Amino acid sequence: MNNKLIVSAALAAVMSTGVIASAEAASKKEKCYGVAKAGQNDCANLAGTHSCAGQSSLSDDKGEWKLVTKGTCSTLGGLSKKEAKKLYLASK
């Protein structure tokens with residue numbers, strides 16, 4: 001068998017393991033609104049005033065989110081997206 005083929009197959013196997021592990025890790029996380037400290041949010045906010053991680057200007061802003069271990073958001077004092085969106089729309 002061709003050595004190049006063997007190396008390619010081994011590399012593909014290793015890379016697919018990393019993709020599966022990443023997907024599994026992501027499935028064990030959830031967005032938690034209202035727990036991110038200033039500059040530590042994970043992405044865009046509900047208000048649409050920014051679209052990148054690390055751009056929040058207030059700590060514990062109900063429109064900012066951070067990924068947390070699934071099932072821990074409420075114990076951290078956070079909100080689901082639905083709850084946060086309801087508060088955001090009510091404040092407009």
Side-chain angles (χ1 to χ4, degrees):
M1 204 179 225
N2 186 341
N3 283 343
K4 205 174 195 181
L5 181 60
I6 293 171
V7 171
S8 295
L11 182 60
V14 169
M15 290 177 63
S16 67
T17 303
V19 170
I20 292 168
S22 295
E24 186 177 313
S27 71
K28 294 180 180 180
K29 298 278 188 176
E30 65 182 333
K31 288 182 180 180
C32 186
Y33 288 80
V35 297
K37 300 301 176 203
Q40 296 181 0
N41 63 300
D42 280 335
C43 205
N45 63 0
L46 287 176
T49 57
H50 66 78
S51 61
C52 291
Q55 293 187 340
S56 62
S57 57
L58 297 172
S59 290
D60 304 323
D61 182 338
K62 302 297 184 211
E64 303 287 353
W65 62 272
K66 189 158 185 68
L67 281 178
V68 298
T69 304
K70 195 171 253 183
T72 62
C73 185
S74 61
T75 59
L76 295 171
L79 306 165
S80 68
K81 183 174 184 175
K82 184 178 179 180
E83 294 167 326
K85 197 168 191 176
K86 185 177 178 181
L87 283 175
Y88 172 71
L89 292 174
S91 68
K92 285 183 113 187

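In what follows, every heavy atom counts, from backbone to side chain, and hydrogens, waters and symmetry copies are set aside. All of these numbers come straight from a predicted model, not from anything done at the bench.
- Legend: residues meeting side chain to side chain contact (heavy atoms under 4.5 Å, CB included) with Ser57, ordered by chain and number and at least two apart, are absent.
- Within the structure, the salt bridge (charged side-chain N to carboxylate O under 4.0 Å, His left out) test picks out the following pairs touching residues 47-61 (sequence neighbours left out): Lys37-Asp60.
- Put simply, the side chain of Asn45 never gets that close to the backbone of Gly63: no donor and acceptor are under 3.5 Å apart.
- The side chain to side chain contact (heavy atoms under 4.5 Å, CB included) check on Thr69 picks up Lys29, Thr72, with sequence neighbours excluded.
- Side-chain contact check for Leu87 versus Glu83: every heavy-atom pair is 4.5 Å or farther apart.
- For Gln55, there are no side chain to side chain donor-acceptor pair (under 3.5 Å) partners two or more places apart in sequence or in a different chain.
- Remark: side-chain polar atoms of Asn41 are paired, donor with acceptor, to backbone N or O of Gly54 under 3.5 angstrom.
- Of all heavy-atom pairs spanning Gln40 and Lys66, the tightest one is O-NZ, 3.1 Å.
- The shortest heavy-atom contact between Lys62 and Ala84 is O-CB, 3.4 Å.
- Other residues sharing a hydrophobic cluster with Val35 under the 4.5 Å side-chain heavy-atom criterion for ILVMFWY residues are Val68, Leu76.
- The shortest heavy-atom contact between Ala38 and Ser59 is N-OG, 3.1 Å.
- Heavy atoms only, all atoms of each residue included: Leu46 and Tyr33 are closest at CG-CE2, 3.8 Å.
- When all heavy atoms of Ala44 and Ser51 are compared, the pair lying nearest together is CB-CA, 3.6 Å.
- Identified under the disulfide (SG to SG under 2.5 Å) test for residues 30-92, with sequence neighbours left out: Cys32-Cys73.
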